[in-house]
Amino acid sequence: MLLVNTIRDHFETVLEGLQKRNFPHAEATLHQVLELDKSRKETQTQRDNLQAEANAISKEIGMLMREGKKEEAEKIKSRTSEIKEQVKSLEETYNNYEEDLKQLLYSIPNVPHSSVPSGKSAEDNEIVLEYGEIPKLPEGSLPHWDLIKQYDIIDFDLGVKIAGAGFPVYKGRGARLQRALINFFLDEALKAGYYEVQPPILVNEESGYGTGQLPDKEGQMYEAAADSLYLIPTAEVPITNMYRDVILNEVDFPIKNVGHTPCFRREAGSWGAHVRGLNRLHQFDKVEIVHVSHPDQSYEALEEMSIYVQGLLKKLELPYRVLRLCGGDMGFTSALTYDMEVYSAAQERWLEVSSVSNFEAYQANRLKLRYRGEDKKIQLAHTLNGSALALPRIVAAILENNQTEEGIRMPKVLIPYLGFDLL
RNA sequence: AGAGGAGUGGCAGAGUGGUCGAAUGCGGCGGUCUUGAAAACCGUUGUACCGCAAGGUACCGGGGGUUCGAAUCCCUCCUCCUCUGCCA
């Protein structure tokens, strides 16, 4: 969430940013934040002063008791009961202000970076670059949902039987392709200096709030209600939350973690013609990179991540493009997001395979993720993350783009992992 | 899952109702001494909020309660350890 100080000190900038996102009632909401904060402060001052008085009296009673002056002690006791009641009521008022303020701040999205284009939907995203040649497929080429049946490598019907729609079973060489991709992505990340972690794939409520899935996207996560746990929609949640309530030292930067996890998404209400086959699933695998950065270096980190992800796509020989998301299409917590899309030749459309974002201090503020600078001052760090990469659409693109009359050609970099070069 | 024990500052570890944000040791930082270092000695060393400041308030696993006053007593939840049970 945004800092109240930021809203106060950079009111116009914040306001313009929120308008770029088409955030409704931005100005009124921001004023409300400042009002609530002001009331909160005033209440605290009153409460603290009364509390100080009560503390002083208590101390005095203690001294009188020790000196054996019981009667005098009893006399002042009565004075405290009045103060106590006032403190209690002020405490309630204070808590209400604080809670209201928190809820209001939760409802305000991050302020977009100045380079973020304004716009309402995916159509307003800015194409930063395109790379690679769009393949011309032979006659009779098939979309991946037909190819997986023909080669019998991914079985949706079997998944329906076991779990439901959107939970495919990867079989034989399909399963091996999954494993090869995961290993390839992890090995590449290690070469690029990432630190590998294997986090839990269920998280508690606090973690959900830490990275912003709660309360904003509650309905998108599967919930293990009996234990108040959520299945992760992305490894961003557990990996970033490793740094919740942490004060780093400046020398710890840059922090670069990578982890592979399955991801679970309910995708409530988002099914349609465009989401056949592997395009949208309830469970899929993803290798995620998460950076924790010094605020001065977070945009360099974002570029580094973007270039890293592009490197993976090049190695996989997939044509791709990079988008800078517009204000209306960006995630709630992000300040700047690049989407990487690969071209899926049989579907003749671009598929998002990675989303790389800088959250600046938005998550760090919720997480209480800070660092101690050289001047000993404690400040919020910046967090970033990106997919590197999400598997299903990569698989879809590899299958569709590489189909030949002899079979489906595997990218060269995967062959050592796969042990075969043709599907 | 059952029985018992325990959770205190970066770490270790005192503290069972008032003078405790908390002894002491280690570690960290600064200094004295030294050509330099070690040792020794001196000082310093949690976080958040309010306040121009002086200063104040809160925090001893989380939450709630008793009391004029809680690290200390009570309730509850969480976590860890030991034993038993179960099990990849």
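In what follows, every chain begins at residue 1, and chains take the letters A, B, ... in the order their sequences are listed. Just so it is clear, the model here is predicted, and its values are computed rather than measured.
The footprint of chain A on RNA chain B, defined by a heavy-atom cutoff below 4.0 Å, extends from B:rG18 to B:rG69.
B:rC26 sits 27 Å from B:rU35 when the P atoms are compared, rounded to a whole Å. Rounded to a whole angstrom, the distance from the C1' atom of B:rG4 to that of B:rU8 is 22 Å. For the C1' atom pair drawn from B:rU47 and B:rG61, the interatomic distance equals 16 Å after rounding to whole Å. Comparing the P positions of B:rG18 and B:rG30 gives a spacing of 39 Å, expressed to the nearest Å. Spacing of P atoms, B:rU45 relative to B:rA54, comes out at 15 Å, to the nearest Å. Taking atom P in both B:rG7 and B:rG15, the straight-line distance is 11 Å, to the nearest Å. Nucleotides B:rC74 and B:rC81 are separated by 25 Å at their P atoms, to the nearest Å. B:rC59 and B:rA71 are spaced 11 Å apart, taking the C1' atom of each and rounding to whole Å.
A:Leu391 is not listed as a side-chain neighbour of A:Lys286, based on a closest heavy-atom distance of 4.5 Å or more.
Remark: A:Leu142 pairs with A:Asp146, A:Leu147, A:Gln150, A:Gln403 by the side-chain contact (heavy atoms from CB on, under 4.5 Å) rule, at least two apart or across chains. With sequence neighbours left out, A:Arg47 forms a salt bridge (charged side-chain N to carboxylate O under 4.0 Å, His left out) with A:Glu91. With sequence neighbours excluded, no residue forms a salt bridge (charged side-chain N to carboxylate O under 4.0 Å, His left out) with A:Glu236. Partners of A:Glu188 according to the salt bridge (charged side-chain N to carboxylate O under 4.0 Å, His left out) rule, which considers only residues two or more places apart in sequence or in another chain, are A:Lys191, A:Lys315.
When both distances must be under 3.5 Å, the Watson-Crick or G-U wobble mate of B:rA88 does not exist. Of the nucleotides present, B:rG31 is the one that pairs with B:rC41 by Watson-Crick or G-U wobble criteria, both distances under 3.5 Å. The pairing partner recorded for B:rC68 is B:rG18, the criterion being a Watson-Crick or G-U wobble arrangement whose two distances lie under 3.5 angstrom. Nucleotide B:rC49: paired with B:rG56 (Watson-Crick or G-U wobble, both distances less than 3.5 Å). Across all strands shown, the partner of B:rC83 is B:rG2, judged by Watson-Crick or G-U wobble contacts whose two distances both fall under 3.5 Å. B:rG7 is paired with B:rC78 under the Watson-Crick or G-U wobble criterion, all donor-acceptor distances under 3.5 Å.
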- Candidate pair A:Phe253 and A:Leu248, rule side-chain contact (heavy atoms from CB on, under 4.5 Å), full reasoning: CA-CA 8 Å; A:Phe253 294 129; A:Leu248 297 161; 3.8 Å; yes
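At a threshold of 4.0 angstrom between heavy atoms, the contacts of A:Ile61 include nucleobase atoms, whether or not backbone atoms are also involved. Residue A:Gln51 is in sugar-phosphate contact alone, with no base atom involved, counting any heavy-atom pair closer than 4.0 Å across all strands shown. Residue contacts shown for A:Met63 are absent, as no nucleic acid heavy atom lies under 4.0 Å away. Using a 4.0 Å heavy-atom criterion, one finds that A:Asn49 contacts no nucleic acid atom at all.
Counting only residues at least two apart or on different chains, the side chain to side chain donor-acceptor pair (under 3.5 Å) pairs with a member in residues 1-10 of chain A are A:Asn5-A:Arg8, A:Arg8-A:Asp37. Applying the side chain to side chain donor-acceptor pair (under 3.5 Å) test to every pair with at least one member in residues 13-33 of chain A, sequence neighbours left out, gives no pairs at all.
At a non-hydrogen distance threshold of 4.0 Å, A:Lys77, A:Thr80, A:Lys84 from residues 76-97 of chain A come into contact with RNA chain B.
Side chains of A:Ser355 and A:Asp339: a donor on one and an acceptor on the other come within 3.5 Å.
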Only pairs under 3.5 Å count here: list side-chain donor-acceptor contacts from residues 155-168 of chain A, not counting sequence neighbours, and write none if there are none.
| from | atom 1 | to | atom 2 | distance (Å) |
| --- | --- | --- | --- | --- |
| A:Asp155 | OD1 | A:Asp157 | N | 3.1 |
| A:Asp155 | OD1 | A:Leu158 | N | 2.9 |
| A:Asp155 | OD2 | A:Lys171 | NZ | 3.0 |

